[in-house]
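Inspection log for the structure reproduced underneath, given as structure tokens.
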Amino acid sequence: ARGAKLYSAEDPLTILTSDTLKGTLRNSSTAWLVQFYSSWCGHCIQYSPTWKALAGDVKDWEQAIRIGVLDCAHEKNFDICKEFGIHFYPTFRYFKAHSASFDIGKTYRADRDLQTVRQLMVNFLQNHTRDDWPVRCPPLEPSRSADILSLMGLKMGHYTAVIIEDEESYVGREVMLDLMAYEGVIVKRALNTDKSFLQKLGITSVPAAYLIRPNGTHTLMDVQKSLRFFFSSFLKLLPGVHKKQSPAALGSAVDTRGQEEMEVWKEFEKSKVYMADMESGLHYLFRVELASHETLEGEELKTFKDFVTVVAKLFPGRQSVVKLLETLLEWLVSLPLERIPYDAILDLVNNKMRISGMFLSEQLQWVGCQGSRPELRGYPCSLWTLFHTLTVQAALRPDALANTGLEEDPLAVLQTMRRYIGTFFGCRECGQHFEAMAKESLQQVKSLDEAVLWLWRKHNQVNSRLAGALSEDPRFPKAQWPTPDLCPTCHEEQEGLHVWNEEKVLAFLKQHYSTGNISPKYTSSSSPEVHGGQNKKTGLSPDQKPKAEGRGSPLPGGSTAREQHHGRNGHGEASVDARKEPKPSMTFLVLGFSSLDMSLCVLLYAFSCVFLILMFIFFHMRSKRWKIRYNRLYV
Ligand SMILES: Cc1cc2nc3c(=O)[nH]c(=O)nc-3n(C[C@H](O)[C@H](O)[C@H](O)COP(=O)(O)OP(=O)(O)OC[C@H]3O[C@@H](n4cnc5c(N)ncnc54)[C@H](O)[C@@H]3O)c2cc1C
């Protein structure tokens with residue numbers, strides 16, 4: 001279980017979860033801007049300071065529009081992110097106020113600078129109609145100059161500030177929203193189109209602000225700079241102007257329970273590759289990342305099939321996992337469908353048919369990929385590890401892809417990776433960067449060895465781009481890899497400059513990502529005791545037996561790793577894990593059948609009935625004709 005550490009309860013925004021999201025949005029009196037992020041996504045990590053700063057900047061607007069976040073990498077939220085159709089991170093959704101029915105919101109690009117997003121928020125508010133206007137939001141339309149002039153000299157008991165600006169300006173609307181939570185002042189805006197009005201107020205440049213005092217006297221507002229911040233601060237500091245009591249209900253949606261969990265640090269050797277990382281990566285990829293797609297068809301299905309082909313043939317994993325991948329591949333190849341509901345694939349990945357010796361753990365066990373904080377490393381690290389391993393396996397076992405249609409292609413693994421990353425990888429920015437690198441040089445790769453080196457080179461390019469970024473784990477600084485302590489012979493110097501000895505690098509990569517260097521330590525057991533009735537014959541090879549420490553080892557608070565994975569909260573109550581809810585499948589003779597299986601059965605049953613009836617009619621007619629022809633009506 002990984003906690004939502006990018007944002008905390010101290011930040012001026014609402015942390016939403018699967019328990020609170022729908023209830024918060026349904027019929028809300030305010031509009032909402034929600035960022036669906038993933039705590040492992042580097043771009044989300046980079047963007048989080050801007051999002052927090054934005055939330056602080058518009059804190060006073062919260063009775064009109066509010067800022068929220070939901071971590072799709074938190075296991076508790078997997079299903080809700082799927083329901084909302086979140087495929088990439090970060091995804092920004094805008095939800096109108098007073099939406100009575102289920103609404104998945106409108107997506108827009110908000111990973112931009114703070115001012116642009118703030119102005120987008122103003123536009124969103126103005127998209128409301130009179131009927132669904134957020135109750136406490138002031139009208140944002142400009143006032144007529146005649147209406148403003150009629151206020152002059154009136155004793156109203158409060159200040160009226162008028163921002164005069166041109167049509168494109170957002171300053172007036174922003175100041176109106178900044179002051180909506182304050183008593184003793186009303187802010188209006190007027191456009192600079194009426195020249196005589198400007199003359200009467202003595203305004204020569206816009207934006208400008210005019211102040212009508214509670215006693216009716218009026219004057220130009222005296223601020224040093226004609227900026228939103230200067231106007232708003234001036235008004236907030238006027239005598240008699242103070243903040244209204246904020247409704248106690250605000251912030252009630254915050255739920256950070258279960259997010260403070262810490263995992264025990266697992267000792268590991270950096271010269272090894274860990275099977276637990278790759279299995280955890282496959283678990284996340286099949287059960288979370290791909291599961292956000294309702295169906296696979298066209299290019300997506302082709303990409304998925306090629307990906308399964310490559311992993312089924314090249315993944316040097318435990319027999320139980322390889323069997324699952326091979327079964328999935330056989331099923332995909334034998335199915336002539338052009339469109340596959342992802343639930344059918346999930347049924348297979350979850351082994352609903354209870355096929356013996358087939359199993360992929362549902363535990364996230366990061367070992368070589370564990371981070372010093374929960375939001376760091378994890379899944380993207382496991383994906384790199386998996387693809388490096390696959391390129392090396394393809395080079396070490398060139399016949400492994402025989403009869404798959406990919407056997408002749410030295411680029412098979414890299415092209416599959418490229419398409420997977422571009423189509424399904426949740427971090428869209430990463431996909432775009434990777435695609436740019438592939439476009440530039442992938443075609444130059446002519447052999448399986450060159451493929452291994454290409455991926456190594458590109459990974460190092462990413463490492464150097466991300467060095468010092470917020471997504472960098474301080475305990476695992478981004479460096480050119482392999483570092484001299486791992487491979488001294490890989491490094492040389494020519495005329496004082498560092499150069500790679502690529503021959504040695506290739507040899508090192510082939511050793512590092514070989515089967516012999518993959519440690520089974522910390523891999524989860526697939527025994528029936530732990531996994532509720534899974535088959536006893538898991539097919540583990542003797543050297544790949546998981547060691548004792550991997551089996552539900554105790555974690556802080558007395559919970560096991562498995563319990564943590566399933567979201568045990570801080571109060572010792574097992575939290576509801578919606579993903580674990582049984583899917584509507586039928587149990588017949590102790591076998592699990594999916595709805596797809598049942599539909600096929602019914603279809604086949606109907607076909608056999610029709611076939612038998614036709615056979616009966618055919619033989620009946622033939623025997624009748626025979627009787628008539630030989631005049632044996634008595635037979
Ligand atoms: C295809 C792809 C593109 C990405 N693009 C971005 C991006 O644009 N922006 C962003 O913020 N994040 C991106 N990420 C995530 C980022 O690269 C890291 O995976 C993430 O920051 C976690 O870093 P890490 O410290 O675990 O090491 P990782 O970079 O994930 O490396 C994992 C392990 O691979 C080994 N390794 C390191 N370098 C090499 C190498 N050159 N060759 C072989 N093995 C190596 C090391 O053992 C290391 O621990 C991308 C991830 C992927 C899979």
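These numbers come from a predicted model, not from an experiment. In each ligand, atom 1 is the first atom listed, and ligand 1 is the first ligand listed. The residues of the chain are indexed from 1 along the displayed sequence.
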Closest non-hydrogen protein atom to atom 8 (O) of ligand 1, residue and atom name please, with distance? H433 ND1, 2.8 Å
Using the ring centroid of each side chain, check whether W481 and H512 are separated by less than 6.0 Å. yes
Residues that A276 engages under side-chain contact (heavy atoms from CB on, under 4.5 Å), provided they are two or more places apart: Q365, V367, Y522, T523
Region of N463 engaging ligand 1 - heavy atom pairs below 4.0 Å: side chain
Any chance CG of N403 has more than 12 other-residue heavy atoms, nucleotides or ligands included, within less than 6.0 Å? no
Using 30° and 60° as the class boundaries, would you call the ring planes of Y7 and Y37 parallel, tilted or perpendicular? perpendicular
Disulfide bond (SG atoms under 2.5 Å apart) partners of C41, counting only residues at least two apart: none
With heavy-atom distances below 4.0 Å as the criterion, list the atoms of ligand 1 near L466. 9 (N), 10 (C), 11 (O), 12 (N), 13 (C), 16 (C), 17 (O)
For atom 34 (O) of ligand 1, what's the nearest protein heavy-atom neighbour? Residue, atom name and distance, please. H459 CE1, 3.6 Å
Polar-atom distance check: H512 versus ligand 1, any N or O pair below 3.5 Å? no
Value for CZ (F95) from CD1 (I65), rounded to nearest 0.5 Å, stands at 11.5 Å
Close approach, V462 and ligand 1, non-hydrogen under 4.0 angstrom: yes
Distance under 4.0 Å to a non-hydrogen atom of F434: what atoms of ligand 1 satisfy this? 1 (C)
Relative to the heavy atoms of G42, which atoms of ligand 1 are at a distance of less than 4.0 Å? 11 (O)
To which protein heavy atom is atom 7 (C) of ligand 1 closest, and what is the distance rounded to 0.1 Å? C430 SG, 3.5 Å
Where's the contact between Y513 and ligand 1, heavy-atom distance under 4.0 Å: side chain, backbone, both or neither? side chain
of all protein heavy atoms, closest to atom 15 (C) of ligand 1 is P380 CB, 3.8 Å
Between H459 and W384, how do the two ring planes meet: parallel, tilted or perpendicular, split at 30° and 60°? parallel
How about E503: does its CD atom have over 12 heavy atoms from other parts shown lying under 6.0 Å from it? no
For atom 47 (O) of ligand 1, state which one of Y420, W384, W481 supplies the nearest heavy atom. W481
Select one of side chain, backbone, both or neither to describe which atoms of R465 lie under 4.0 Å from any atom of ligand 1, heavy atoms only. side chain
Can you tell me which residue and heavy atom of the protein come closest to atom 22 (C) of ligand 1, and the distance to 0.1 Å? K478 NZ, 3.6 Å
Report the nearest protein non-hydrogen atom to atom 48 (C) of ligand 1: residue, atom name, distance rounded to 0.1 Å. R377 NH2, 4.2 Å
Run through L442, D409, L390 and flag the one making a side-chain contact (heavy atoms from CB on, under 4.5 Å) with L414. L442
Any idea which part of I421 is under 4.0 Å from ligand 1, heavy-atom wise: side chain, backbone, both or neither? side chain
Where is the nearest protein heavy atom to atom 32 (C) of ligand 1: which residue, which atom, and how far? C381 SG, 3.4 Å
